[in-house]
Chemist: 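Below is the structure I would like to discuss, written out as structure tokens.
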Amino acid sequence: MIRAFLLGAMPPADLGVSYVSEKPYDAVVIGSLELWQLLRFAEASVLEALAQGRPVYLYTPGLPEAPKNRALAASLASAQRELKNWGVIFTDGGRKRLITAQEAKMLRLSGQRPGVDAVMTPLAREILEGSD
């Protein structure tokens with residue numbers, strides 16, 4: 001099972017990972033963010049994981065909203081786009097299964113394929129397509 005460092009609240013949905021509070025970990029899960037955290041994003045564990053090519057998942061129901069302030073809502077949307085540009089994988093915790101490179105290698109060795117609703121990191125996709 002994937003060992004994931006948890007930032008924020010634990011998502012109520014089962015994301016298919018086991019949570020750890022210290023290194024080593026294979027991925028980072030952002031369970032929730034406060035308004036200020038999203039607008040001025042600088043979480044060291046997330047930035048380090050992205051720099052090292054580890055997957056970072058953001059549980060979207062844990063994102064802050066500002067429905068009564070259009071300017072603030074626009075800034076929040078911009079901050080979310082920036083996280084996506086960095087490679088953060090957004091998930092709603094539905095039936096989607098998170099597939100990392102490590103899990104993709106195990107699936108490939110066993111001749112299995114992930115479900116159509118699986119969320120894969122770019123490296124996992126490459127591995128399953130046979131170009132690792």
Side-chain angles (χ1 to χ4, degrees):
M1 180 166 276
I2 299 168
R3 294 171 44 90
F5 179 77
L6 177 64
L7 176 65
M10 183 179 296
D14 179 11
L15 299 181
V17 300
S18 65
Y19 296 108
V20 297
S21 57
E22 57 189 41
K23 292 180 180 180
Y25 49 83
D26 307 307
V28 174
V29 171
I30 305 169
S32 64
L33 290 173
E34 299 291 328
L35 279 167
W36 65 270
Q37 289 175 305
L38 180 55
L39 290 174
R40 304 217 184 270
F41 195 83
E43 290 293 333
S45 58
V46 172
L47 298 174
E48 181 181 319
L50 289 169
Q52 294 175 355
R54 288 192 188 122
V56 175
Y57 303 99
L58 190 143
Y59 179 65
T60 55
L63 285 172
E65 296 178 2
K68 296 185 180 190
N69 184 321
R70 292 177 78 190
L72 184 55
S75 293
L76 291 171
S78 176
Q80 289 179 38
R81 280 191 302 278
E82 185 170 357
L83 290 176
K84 282 184 181 181
N85 288 339
W86 291 352
V88 173
I89 302 164
F90 284 47
T91 182
D92 64 2
R95 296 184 329 237
K96 297 177 182 174
R97 185 167 166 225
L98 306 175
I99 307 292
T100 63
Q102 179 182 5
E103 222 175 343
K105 287 177 185 176
M106 293 186 325
L107 286 169
R108 185 168 176 202
L109 285 173
S110 66
Q112 298 177 356
R113 300 284 303 166
V116 293
D117 58 349
V119 175
M120 290 187 276
T121 65
L123 183 56
R125 188 174 313 284
E126 285 181 31
I127 290 168
L128 288 170
E129 290 173 356
S131 58
D132 59 338

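The residues of the chain are indexed from 1 along the displayed sequence. Remember, it's a predicted structure, so these values are computed and weren't measured experimentally. Note that these values count all heavy atoms, side chains included, but never hydrogens, waters or copies made by symmetry.
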Chemist: Got a donor-acceptor contact below 3.5 angstrom from the Arg81 side chain to the Leu76 backbone?
Modeler: no

Chemist: Find out whether Leu47 and Trp86 are in side-chain contact, i.e. whether some heavy atom of one side chain is under 4.5 Å from a heavy atom of the other.
Modeler: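 Yes, side chains in contact.
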
Chemist: Between Ser78 (side chain) and Ala74 (backbone), is there a donor-acceptor pair under 3.5 Å?
Modeler: no

Chemist: Identify the heavy atoms of Pro55 and Ile89 that sit nearest to each other, and give their distance.
Modeler: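 Where Pro55 meets Ile89 most closely, the heavy atoms are CB-CD1, 4.5 Å.
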
Chemist: Please answer whether the main-chain N or O of Ala49 pairs with a side-chain N or O of Gln52 as donor and acceptor at a distance below 3.5 Å.
Modeler: no

Chemist: A side-chain contact here means heavy atoms from C-beta on lying under 4.5 Å apart; do Ser75 and Leu39 qualify?
Modeler: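 When only atoms from C-beta onward are counted, Leu39 and Ser75 do touch, with a gap below 4.5 Å.
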
Chemist: Specify the closest pair of heavy atoms between Ala73 and Ala66, including all atoms of both residues, with the distance to one decimal.
Modeler: CB-O, 3.6 Å

Chemist: Do Leu58 and Leu33 come within less than 4.5 Å of each other through their side chains, counting heavy atoms only?
Modeler: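 Answer yes - side chains close enough.
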
Chemist: Once you round to the nearest 0.5 Å, how far does CD1 of Ile2 lie from CD of Glu103?
Modeler: 4.0 Å

Chemist: Rounded to the nearest 0.5 Å, what's the gap from CG on Leu7 to OG on Ser45? Could you check?
Modeler: 5.5 Å

Chemist: Would you say Met106 and Leu15 are hydrophobically clustered, going by side-chain heavy atoms of ILVMFWY under 4.5 Å?
Modeler: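 As far as the 4.5 Å side-chain criterion goes, Leu15 and Met106 are not connected within one cluster.
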
Chemist: Hey, does the side chain of Thr60 reach the backbone of Thr91 with a donor-acceptor pair shorter than 3.5 angstrom?
Modeler: yes

Chemist: Find out whether Ile30 and Tyr59 are in side-chain contact, i.e. whether some heavy atom of one side chain is under 4.5 Å from a heavy atom of the other.
Modeler: no

Chemist: How long is the gap from CD1 on Ile127 to CD on Gln102, to the nearest 0.5 Å?
Modeler: 10.0 Å

Chemist: Does Arg3 use its side chain to pair, donor to acceptor, with the backbone of Tyr19 at less than 3.5 Å?
Modeler: no

Chemist: Could you tell me whether the side chain of Leu63 reaches within less than 4.5 Å of the side chain of Phe90, counting heavy atoms only?
Modeler: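 Counting from C-beta outward, Phe90 and Leu63 do come under 4.5 Å.
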
Chemist: Does a side-chain N-to-carboxylate-O contact under 4.0 Å join Glu48 and Lys23?
Modeler: yes

Chemist: Answer yes or no: is there a side-chain heavy-atom contact under 4.5 Å between Pro64 and Trp36?
Modeler: no

Chemist: Would you check if Phe5 and Glu22 make a side-chain contact, meaning some heavy-atom pair closer than 4.5 Å?
Modeler: no

Chemist: Can you name the closest pair of heavy atoms from Asn69 and Leu72 and give their distance?
Modeler: OD1-N, 2.9 Å

Chemist: Minimum heavy-atom separation for Ala101 to Ala124, with atom names?
Modeler: N-CB, 3.9 Å

Chemist: Looking at Ser32 and Gly8, would you say the former's side chain and the latter's main chain have a donor-acceptor pair under 3.5 Å?
Modeler: no

Chemist: Which heavy atom of Leu38 sits nearest to which heavy atom of Ala79, and what is that distance?
Modeler: O-CB, 3.4 Å

